[in-house]
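These notes concern the structure reproduced below.
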Amino acid sequence: MPIIEVSNLEKSYGSLWALKGISFQMKEGEIFGLIGPNGAGKSTTLKILATLMPQDRGRVEVAGYDIIREAPKVRKLISYLPEEAGAYRNLTGREYLRFVAELYANATGKDEKEMFELGIELAGLGTRLDDKVFTYSKGMTRKLLLARTLMVVPKLAILDEPTSGLDVMNAYEIRERIKEFSRERGVSVLVSSHNMLEVEFLCDRVAIIHRGIIVEAGTPGELKEKYNAENLEEVFVRASRRVSYG
Amino acid sequence: MGELWIMFRKDLMDILRDRRLLTAVVLPLILIPLLFGIIGSSNHSTSVSVRVIDNDNGEYSRTLVAFLQKNGIEVNESSPVTLIIPAGFSKAIESSTSPELIIQVDLSNPLDFKTVRSAEVVKGLVLRFGSGVLPSLKSKFKIEVGGSVLNVEPSRYISSLLRGPLAVPLVLFVVAIYASQAVAASVAMEKESRTLETLLTLPISRRSIILGKIFSSIAFSVLVLASLAVSFGVFTRLSPYSRNSGSLFVSLAPLLFFSVGTFLLFILMLLTSLLVSLFTLDVRSALSIAGLVEVVYLIPVIVLFSGAGLSGPWGILVKTDPGYTPVQAFLSAVAGDYFMALGALVYLVLWNAMVLKLAVWVFDSGVLMTKRIDAGHLRWLVRIKM
Ligand SMILES: Nc1ncnc2c1ncn2[C@@H]1O[C@H](COP(=O)(O)OP(=O)(O)OP(=O)(O)O)[C@@H](O)[C@H]1O
Ligand SMILES: [Mg+2]
């Protein structure tokens, strides 16, 4: 059974159709990349998958559960990192991680302590973890949120531009972590990104989305071959052009 | 229960540590005196009538009655306010030995502030009459409600009610004002710090999210109130009325209905504040909006305490305001109509269920993600209110 099954997904914001019927499947244990230019509809897709808002048309299933009718079941399996997010300003990083660990432990029966300790390790904030979140830099907050997302070892992690705002070292480390996590614990990861290097390193398969339509999908190798390109960046530019100019 | 408790603890910690909530502590300090200011200052031109029992039938008693009539008071046999002029009244004035008048007030129910007002008007006129004839002229009050007699001035009646039988609803009311500020702030903080999106994808039910905020806000406001009470020594003032003025006895059932009604209204106020503040973008506008919600629900109480009548289309509107329902439950229970009293409570429960459902719907429908609605624009209304 695929972990994600999306068919003919459509979504509008008022009169603007952000998604015009996209379909894709994601296998369990896979790292799947959604790439596309600004405003293509990546975040919109991820929000729908994260049960934040219902789609207008089409079917979306996560692990066989309908995203609308069975949203509470879906929420136990996923962990979502929004594109722009924060943590509770007046809590310390440690308190924030504990809050989330408690919630997941309560809902799924997983071991709270294990998740919490994994979170502390993933965050890598050292003693700063005991400071209030409002004293953190942007990158520190991002690391805390990433740790929060991954520590619960979800069936499906939904990461919207996970490394945005992180420096090279941290971004590198996080990518390694995500990959390792997926391999070792069988976590499926859906990730959106602008960074083609990142996507090429991380993803088993990618889909290129442009103006609410998926224009290409396949493994990075397949796509490079098809477009006779050196790297994904070239594929991305050519595929997007092809749509833009007919 | 588990997830609600987790949510409750997180929210309480978050709001207790937020400095901006000091505003939430200050606003009620303005709002409450304002409310009582309105109650105290309102002067209605509604016709005041009085029943006169003239046991004196002398020169001065007739002058007094004429004086009252000249000042627009109707002498009416069926008025709930009775002025008893004792025998020998005129003689006492002539010999300057401070005579005593008795003003007896029969309240149809403990919340019959209209009659209390009338008695106050009569008293004012009697004093004016006295200042022209004999300054030491005294009047004594007897306020009768459902069998118990209270010897207090009409102006003291409301405060003796609030110190006595209505103390529980009063405390609930103050807690409610603080709590609805806190709940609005708590929601706005989720939006401001961009945690709401994550929260809505965590494995926790919408209902627990909402109730976690409601209960933590109640806990917050109880803490605030307790600390205020200690620092202002409010407890010493609220201590049992010690002056020998008789005490007002209201039977238990109506009070129970009133307290339960006030509590339900209180939860409704919190739910509404929560719902509205979902559409604000920052803590400050959320606090103002919560103030507005409070006023909407408090209009009936203000109208009632000011002694205005509740008739005509306005009256009907005020009576359908859930803010009136606890009073309705109380009055029905006083009149022995428990069916109606229960109905009033059910009405409030329905309102609560409706607003809770609406809030859950707002979360599920995704309007918070797709639409930009900024209720912060309504802040101008709050400014007018002030
Ligand atoms: N809340 C909203 N209200 C109105 N329009 C929106 C809203 N959110 C997104 N859109 C529009 O929907 C389209 C898709 O947006 P989306 O955020 O999914 O793009 P994206 O691929 O994530 O872009 P980026 O790379 O910049 O993050 C855009 O045209 C955007 O303007
Ligand atoms: Mg995006």
Side-chain angles (χ1 to χ4, degrees), chain A residues 11-14 16 18 43-44 46-56 68 71-92 95-96 98-110 112 132-134 141 145 148-149 152 154 156 158 160, chain B residues 1-22 182 185-209 212-213 216 220 278 281-283 360-373:
Chain A
K11 177 76 193 176
S12 74
Y13 296 105
L16 181 124
S43 297
T44 304
L46 298 199
K47 278 180 193 167
I48 292 170
L49 278 161
T51 72
L52 260 180
M53 58 185 185
Q55 69 270 30
D56 293 333
I68 295 177
K73 283 190 184 136
V74 172
R75 288 186 194 117
K76 288 183 190 175
L77 303 176
I78 62 167
S79 187
Y80 168 63
L81 176 69
E83 186 173 10
E84 283 173 45
Y88 297 98
R89 294 165 41 86
N90 303 311
L91 303 193
T92 66
E95 285 165 345
Y96 177 64
R98 184 173 291 128
F99 164 64
V100 177
E102 279 174 354
L103 270 186
Y104 274 90
N106 180 67
T108 63
K110 285 187 196 166
E112 180 195 321
K132 301 254 175 73
V133 168
F134 73 83
T141 308
L145 292 175
R148 183 273 293 163
T149 313
V152 301
L156 170 67
I158 302 172
D160 202 346
Chain B
M1 192 60 213
E3 60 178 30
L4 184 56
W5 174 238
I6 297 167
M7 189 70 200
F8 169 85
R9 273 189 354 233
K10 186 276 288 174
D11 278 330
L12 186 60
M13 216 175 343
D14 205 17
I15 45 179
L16 272 179
R17 289 182 190 168
D18 203 277
R19 298 222 171 79
R20 283 165 304 179
L21 268 174
L22 283 178
S186 170
V187 170
M189 275 152 66
E190 296 268 3
K191 297 200 80 174
E192 241 184 34
S193 54
R194 311 210 56 131
T195 48
L196 189 60
E197 290 191 10
T198 307
L199 183 63
L200 292 179
T201 65
L202 294 179
I204 175 172
S205 70
R206 267 66 174 133
R207 210 147 40 114
S208 291
I209 292 177
K213 293 210 174 297
S216 60
F220 168 81
L278 278 174
L281 303 177
D282 60 284
V283 170
V360 170
W361 177 83
V362 167
F363 283 148
D364 280 336
S365 68
V367 288
L368 293 174
M369 307 298 143
T370 56
K371 302 258 188 321
R372 286 262 168 274
I373 307 168

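In what follows, every heavy atom counts, from backbone to side chain, and hydrogens, waters and symmetry copies are set aside. Naming: A, B, ... by sequence-line order, numbering from 1 per chain. Since the structure is predicted, the reported quantities are computational estimates derived from the model, not experimental observations.
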Review point. In terms of heavy-atom proximity below 4.5 Å to chain B, should R98(A) be classed as side chain, backbone, both, or neither?
Key: neither

Exercise for review: Please round to the nearest 0.5 Å and tell me the distance separating atom CG of L202(B) and atom OH of Y104(A).
Suggested key: 5.0 Å

Practice item. Could you look at F134(A) and say if it's the side chain, the backbone, both or neither that has a heavy atom under 4.5 Å from chain B? Key: neither

Review point. Given a strict heavy-atom distance threshold of 4.5 Å, which part of M189(B) is in contact with chain A: side chain, backbone, both, or neither?
Key: side chain

Point to revise | Euclidean distance, I15(B) CD1 relative to Y88(A) OH, rounded to 0.5 Å | key: 12.5 Å

Practice item. Under 4.5 Å, counting heavy-atom pairs only, tell me which of F99(A), Y96(A), Y80(A) racks up the most with chain B. Key: F99(A)

Study note, to complete from the structure: Taking every heavy atom of P54(A) against every heavy atom of S365(B), the minimum-distance pair comes out as CD-O, 3.3 Å

Review point. Which of these passes salt bridge (Lys or Arg N to Asp or Glu O under 4.0 Å) with E95(A): K10(B), R17(B), R9(B)?
Key: R17(B)

Study note, to complete from the structure: Whatever's closer than 4.5 Å to a heavy atom in chain A on S193(B) counts as both

**Study point:** Gap separating the OG1 atom of T198(B) from the CG atom of L81(A), nearest 0.5 angstrom
**Key:** 7.5 Å

**Study point:** OG1 on T51(A) to CG on L200(B), rounded to 0.5 Å
**Key:** 8.0 Å

**Study point:** NZ/K73(A): more than 12 non-hydrogen atoms of other groups inside 6.0 Å
**Key:** no

Practice item. Give the member of E84(A), K11(A), K132(A) that has the highest number of heavy-atom pairs under 4.5 Å with chain B. Key: E84(A)

Review point. Atom OH in Y13(A), atom CE in M369(B): separation rounded to 0.5 Å?
Key: 10.0 Å

Check your understanding: In terms of heavy-atom contacts, does CZ of R206(B) have more than 12 from other residues, nucleotides or ligands at under 6.0 Å?
Key -> yes

Exercise for review: Please step through side-chain contact (heavy atoms from CB on, under 4.5 Å) for the pair N90(A) and M13(B), ending with a clear verdict.
Suggested key: CA-CA 8 Å; N90(A) 303 311; M13(B) 216 175 343; over 6 Å; no

Exercise for review: Kindly indicate, with the supporting measurements, whether the criterion side-chain contact (heavy atoms from CB on, under 4.5 Å) is fulfilled by K47(A) and T201(B).
Suggested key: CA-CA 9 Å; K47(A) 278 180 193 167; T201(B) 65; over 6 Å; no

Review point. Between CE of M7(B) and CD of E102(A), what distance do you get to the nearest 0.5 Å?
Key: 12.5 Å

